[in-house]
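Start at 1 and go down the list; that is how both ligands and their atoms are numbered. These values consider heavy atoms only, across backbone and side chains, with no hydrogens, waters or symmetry-generated copies. None of these values were measured; they are calculated from a predicted model.
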Amino acid sequence: MRREIALFFVFVTLSALWTARALPVVTSELLTFTESTVERESFIGGVGQSVGSGAPPFPYPSPAPNPPTYDFNTTATVLIVGANIQTDNQSQTNDFRADTEIIFGGALQHATVFPDNAPGTYKVVNGTELLSSEQFINFTYYAKPLAFFTATDFPDRRYSLAARLNSPRVVNFSSNALALKQLVAVARGSDFYVAWRAVDPLNETRRPQLQDAFFDFGVMSIQRVPCSNAGITC
Ligand SMILES: *[C@@H]1O[C@H](CO)[C@@H](O)[C@H](O)[C@H]1NC(C)=O
Ligand SMILES: *[C@@H]1O[C@H](CO)[C@@H](O)[C@H](O)[C@H]1NC(C)=O
Ligand SMILES: *[C@@H]1O[C@H](CO)[C@@H](O)[C@H](O)[C@H]1NC(C)=O
Ligand SMILES: *[C@@H]1O[C@H](CO)[C@@H](O)[C@H](O)[C@H]1NC(C)=O
Ligand SMILES: *[C@@H]1O[C@H](CO)[C@@H](O)[C@H](O)[C@H]1NC(C)=O
Ligand SMILES: *[C@@H]1O[C@H](CO)[C@@H](O)[C@H](O)[C@H]1NC(C)=O
């Protein structure tokens, strides 16, 4: 999805240079952006080989005849941190073509499991493995867990490509409670990113209040993840 936009930006920039006509305020942003080829290659929300549910647009799976069951007596809070965050609440552009998409574009090496029955203890796990595990992907789909999402921009806007794509100072941070309906993990060469499909936890047919935006950093805290059958141990 973002590839078209990236190409569009390049096109706009080249057209501006060609006509030597001053574009409005965004021009310097776009010029900076076109210099960051390496980063651009690693921010490609929506393009790649899926480790779960096929290529985008990601279809919403049909439930299996015998869906997995979960024991919620022993659970944990799972905390995921990432960089290059995008929130997309438009059906026309988001990779689910429905609800709100939240992409964590990178820095997903670690996740932390905080067992609910053993306060003060935690376990650091491999985030890439957790987020691409079929059990965790299934759990997200079948249990629609409650999650808390927060993302922010680094003030000088040079940290990530995502922040540079954002119009400066329009959306500085984002935070909301969500119900997660779907998780898609995509591996493409050495890139790995995930896309969550999120709805309002108080009304799962409604989008959560989240503006379209790009951010540097983000956190997703997923509540009450069962300690068995959902990709984690506690
Ligand atoms: C969960 O706890 C309840 C109440 O203690 C118990 O009745 C139930 O059997 C437990 N479920 C499982 C799957 O262990
Ligand atoms: C996490 O797991 C992936 C896939 O198995 C592996 O490539 C990567 O090196 C691991 N990362 C860490 C930090 O151990
Ligand atoms: C995930 O769910 C599918 C049904 O949607 C099932 O076929 C598959 O075995 C499940 N995988 C795991 C690891 O539980
Ligand atoms: C975002 O932060 C900048 C300062 O870094 C500020 O000027 C701007 O008004 C903020 N935007 C919003 C929407 O709050
Ligand atoms: C839930 O959201 C839908 C779509 O916005 C709306 O039509 C419906 O009335 C809402 N339901 C409740 C109980 O608020
Ligand atoms: C979606 O994003 C647009 C643009 O930022 C915003 O105006 C709108 O309120 C957002 N919708 C929801 C449901 O958050």
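Here side chain to side chain donor-acceptor pair (under 3.5 Å) pairs that include residues 110-123, with residues two or more places apart or in two chains, are T75-D116, T77-D116, K123-T233. Among pairs with a residue in residues 140-150, those fulfilling side chain to side chain donor-acceptor pair (under 3.5 Å) read T150-S175, at least two apart in sequence or across chains.
In terms of polar-atom proximity, defined here as any N/O pair under 3.5 Å, R207 makes no such contact with ligand 6. The shortest N or O to N or O distance between H110 and ligand 2 is not under 3.5 Å. Ligand 2 has no N or O atom lying under 3.5 Å from any N or O atom of T128, backbone or side chain.
Counted by atom type alone, R206 and T100 present zero donor-acceptor pairs between their side chains at under 3.5 Å. A donor-acceptor contact closer than 3.5 angstrom is absent between the side chains of Q109 and N126.
Every atom of ligand 6 is numbered from 1 in the order shown, and the set under 4.0 Å from a heavy atom of N89 is 1 (C), 2 (O), 3 (C), 8 (C), 10 (C), 11 (N), 12 (C), 14 (O). Close approach of ligand 6 to Q209 (heavy-atom distance below 4.0 Å) involves ligand atoms 12 (C), 13 (C), 14 (O). Shown in contact with P208 at under 4.0 Å from a heavy atom are these atoms of ligand 6, numbered in order with element: 12 (C), 13 (C), 14 (O).
For F149 and W196, the ring centers are positioned 6.0 Å apart or more. A distance of 6.0 Å or more separates the ring centres of F96 and Y60.
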For ligand 1, run through the N/O pairs with the protein that fall under 3.5 Å and put one pair on each line.
from     : atom 1 : to  : atom 2 : distance (Å)
ligand 1 : 2 (O)  : N73 : OD1    : 3.1
ligand 1 : 2 (O)  : N73 : ND2    : 2.3
ligand 1 : 11 (N) : N73 : ND2    : 2.8
ligand 1 : 14 (O) : N73 : ND2    : 3.4

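Using a cut-off of 4.0 Å between Lys/Arg side-chain N and Asp/Glu carboxylate O, K181 and D99 are scored as salt-bridged.
Partners of D71 under the side chain to side chain contact (heavy atoms under 4.5 Å, CB included) rule, at least two apart in sequence or in another chain, are N73.
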